[in-house]
Amino acid sequence: MRIGAVIVVIWLVLGVIAAYERGYFSDSEDASCAEAGTVIVTTVAGPLNWMGVNPKITCDVPEPSK
């Protein structure tokens with residue numbers, strides 16, 4: 001059980017490194033659900049990011065009705 005937890009932690013750390021390399025943690029733009037989603041799926045994808053996986057999320061927030 002412990003080895004599985006160690007593998008998951010390493011996987012997620014590699015995902016965070018990949019998100020950092022892509023500049024997703026820069027403070028240059030306003031935060032949006034698309035940016036947050038992209039950071040999350042990049043982190044979850046882990047080392048697959050270096051194998052060509054480039055996950056992106058798009059969010060369209062509806063405007064409130066008048």
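Residues: numbered from 1 along the sequence shown.
I17 contributes atom CD1, which lies 10.5 Å from atom OG1 of T43 (distance to the nearest 0.5 angstrom). Atom OG1 of T42 and atom CG of L14 lie 13.0 Å apart (nearest 0.5 Å). Rounding to the nearest 0.5 angstrom, the gap separating the CE atom in M51 from the CG atom in N49 is 10.5 Å. The line from CG of N54 to OG1 of T38 is 9.0 Å long, rounded to the nearest 0.5 Å.
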Side chain to side chain contact (heavy atoms under 4.5 Å, CB included) assessment of F25 paired with E35: CA-CA 9 Å; F25 296 119; E35 283 186 47; over 6 Å; no
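With hydrophobic clusters built from ILVMFWY side chains whose heavy atoms lie under 4.5 angstrom apart, V8 shares a cluster with L48. I3 and V13 fall into different hydrophobic clusters, where Ile, Leu, Val, Met, Phe, Trp and Tyr side chains are chained together by heavy-atom contacts under 4.5 Å. One hydrophobic cluster, built from ILVMFWY side chains closer than 4.5 Å, holds both V6 and V9. A single hydrophobic cluster is seen to contain both V16 and V39, as judged by linkage of ILVMFWY side chains at heavy-atom distances under 4.5 Å, directly or through other members.
Of the possible donor and acceptor atoms, one in the side chain of W11 sits under 3.5 Å from a partner among the backbone N and O of V44.
The two residues C59 and A34 have their closest heavy-atom pair at SG-N, 3.6 Å.
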